[in-house]
Every structure is written in structure tokens, then in C-alpha cells.
Amino acid sequence: MNERFHEAQDELLTGLLRTIVARLPVGEEPEWLVERVLSSVVDRFFTVDSPIGRMYVGVGLRGVRFVQRGGSPEDFARSYRERFKRLLVEGTDTPTRNLTEKVATALAGKRVEVSLDLSETTPFQRRVLEVVKSIPRGEVRPYSWVAREVGSPKASRAVGTALANNPVPLLVPCHRVVKNDGRVGNYAFGAGEKARLLKLEGVSLDEIVRTPYIAACTTKIVCYATCRNVGRIHPENRRPFRSVREALIAGYRSCRVCRPVVT
DNA sequence: AGGGTGACAGCGT
DNA sequence: TACGCTGCCACCC
């Protein structure tokens with residue numbers, strides 16, 4: 001790069017900073033100003049351990065934007081910068097440390113709300129991610145279920161594509177979305193990792209393949225096998241079904257909690 | 001019978 | 001555009 005380029009770059013940066021400073025409210029502390037100006041172009045990252053290894057977590061002002069596994073911090077910063085057009089530095093400040101703890105807690109399975117910034121995704125992908133975020137630990141749902149939930153019942157394959165590009169794996173638990181027949185389906189980190197994760201969460205895929213739906217003969221309600229309500233059905237009142245349709249014909253209705261897809 | 005397989009519809013990117 | 005973390009059905013043994 002030549003000098004002229006650097007001069008132009010300096011000039012551009014200076015101009016941008018002047019514009020930003022000019023728009024800031026008056027009467028604030030200088031420290032706050034600096035922080036505000038910096039955070040408008042710089043995001044932070046930290047690392048956290050997960051069941052599938054050490055993950056890098058990139059965070060902006062509005063929440064977690066990117067989670068990635070493997071590589072060096074430099075690699076992560078590079079891909080982050082390409083993707084979000086923002087600089088990335090390691091976060092050592094108190095807010096970042098607090099968030100690190102929060103994310104670690106979330107990955108350990110506790111129900112804590114971690115704010116996510118999904119603004120860089122398409123509307124369809126965002127709807128998919130929002131829905132998938134609601135699948136509790138220990139439960140799974142089919143791709144077709146997600147498709148129906150986001151209002152595009154025939155878009156199960158597009159759901160797969162959307163999940164393949166999940167910018168925040170684990171935080172949006174896309175590993176809990178499986179095939180309709182209970183087979184594990186694909187995963188960005190490999191089907192094996194997906195199966196391992198689910199096992200860790202207490203999901204038995206073998207059982208789901210055998211009996212994808214469980215109904216209660218007392219209430220005449222049919223659920224996905226991993227629906228939280230199944231646990232409340234007395235073992236001898238449980239009735240296995242191979243499809244929702246069969247159950248409906250037998251006089252059952254769909255559970256209002258897990259809302260199984262009728263095919 | 002019922003698990004395995006391949007073709008194809010279908011959707012968002 | 002062709003492609004993909006799917007679903008479904010026909011067809012196989």
C-alpha cells in the first residue's frame with residue numbers, strides 16, 4: 001500500500017469520527033464518549049468451553065452475533081470482520097466477563113436469556129432461528145415442524161439451509177431439529193456431533209425412531225415423544241403412535257404445547 | 001412385514 | 001442459478 005492510500009484512509013477515518021462526535025449528545029464524560037465512539041465500529045469477542053469444544057463468541061452492542069469453533073483468534077477476527085464489516089478485539093472489560101459467564105451457564109443447560117443480534121440474517125432465517133430458540137433442552141422437533149411454525153409448511157428443506165447458516169450455534173439450538181422420522185439429520189459440525197450433543201441432553205434418538213409419537217389414552221392427546229408433557233403421562237396410560245394421522249383417526253387430538261405436524 | 005433406497009416436489013437464497 | 005442440516009412415496013427385497 002502506498003502513502004497516498006494511507007493518507008486517504010486517515011482522512012476518511014478522521015471525517016467519520018468527527019461526524020460521530022458531532023452527533024453525540026453533549027455534557028457526557030469523555031471516557032463515555034471514547035467508549036461510545038469505539039463501540040460504534042468495534043465489537044468484542046471471548047472464548048467459552050462447550051460440549052463440542054472451545055468456541056469463539058463475537059458480541060456487539062445489541063448482543064451475540066457470531067459463534068464459531070476452532071481456528072486462531074486472528075482467524076475468527078478476520079471472518080468476523082468480513083461478515084459484519086466491523087473490527088473485533090478481545091473483550092476484557094467487566095460487561096464482557098459477565099456475558100462470558102452467562103453464555104457458559106447457558107451452554108451448561110441453564111435457562112438464562114442471552115441477547116442475540118440476528119440483524120445480519122434474512123427475515124426467513126430470523127424467523128427460523130427465533131422458533132428454534134424455543135425448543136427446550138431435552139426435546140427435539142422435526143424440520144417440517146419448524147417450517148410450519150414459521151408459516152411456510154412446505155419449506156422444510158429451506159429450514160435446513162437456514163440452520164446450516166446459523167450464526168450462533170448452540171445458543172440457537174439447531175442441533176435439536178431432526179428429521180421427521182427421528183433420524184438425526186445433518187449438522188454444521190457433523191451428524192456425529194449432533195447425535196452426541198442430543199445424547200448429552202438426554203434425548204434417545206433410538207426411542208424416537210421406534211415411537212415418534214406418544215399419546216395419553218386418558219386425555220386423548222397425542223405429543224411428540226420428547227414433549228415435556230409426555231413425562232407426566234402415567235406409563236401404563238401411554239400409547240405409542242407411528243404418525244399423528246393414526247392417532248387422530250383413533251380419536252386423539254394434537255397437544256397444544258408441542259403442536260405435532262399432521263402430515 | 002418393514003427397513004433401505006432413489007426420484008422428485010418444493011422452498012429460500 | 002443450482003443447490004441443500006428435508007419430506008414423501010413408490011418400489012425393492
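Keep in mind that this is a model prediction, so the values were computed, not measured. Here is how names work: the chains are called A, B, and so on, in the same order as the sequence lines, proteins then strands, and each is numbered from 1.
- Ion pairing of R141(A) with E149(A) is absent here, as no side-chain N (NZ or NE/NH1/NH2) approaches a carboxylate O to less than 4.0 Å.
- Looking at R245(A) and V262(A), their side chains come closer than 4.5 Å, going by heavy atoms from C-beta outward.
- Where DNA chain C meets chain A (any atom under 4.0 Å from a heavy atom), the bounding nucleotides read 5' to 3' are dG4(C) to dC8(C).
- Using cut-offs of 30° and 60° for the angle between ring planes, the F76(A) and Y80(A) rings count as tilted.
- Interatomic distance, NZ of K133(A) versus CG of L118(A), reported as 8.0 Å (0.5 Å rounding).
- A donor-acceptor pair under 3.5 Å is absent between the side-chain atoms of R183(A) and the main chain of N180(A), judged by distance alone.
- Residues R183(A) and N166(A) both approach DNA chain C. Their nearest nucleotides, taken by heavy-atom distance, put N166(A) toward the 5′ side.
- As rounded to whole Å, 11 Å separates atom C1' of dA1(B) from atom CZ of R242(A).
- Across all strands, A158(A) comes closer than 4.0 Å to base atoms (heavy-atom distances).
- Distance CG (N165(A)) to C1' (dC11(B)): 14 Å, rounded to an integer number of Å.
- Using a 4.0 Å heavy-atom cutoff across all strands shown, Y143(A) reaches at least one base atom of the nucleic acid.
- T161(A) comes within 4.0 angstrom of a base, heavy atoms only.
- For dG10(B), there is no paired nucleotide, since no Watson-Crick or G-U wobble pair has both relevant distances below 3.5 Å.
- Of the possible donor and acceptor atoms, none in the side chain of R238(A) sits under 3.5 Å from a partner among the backbone N and O of A216(A).
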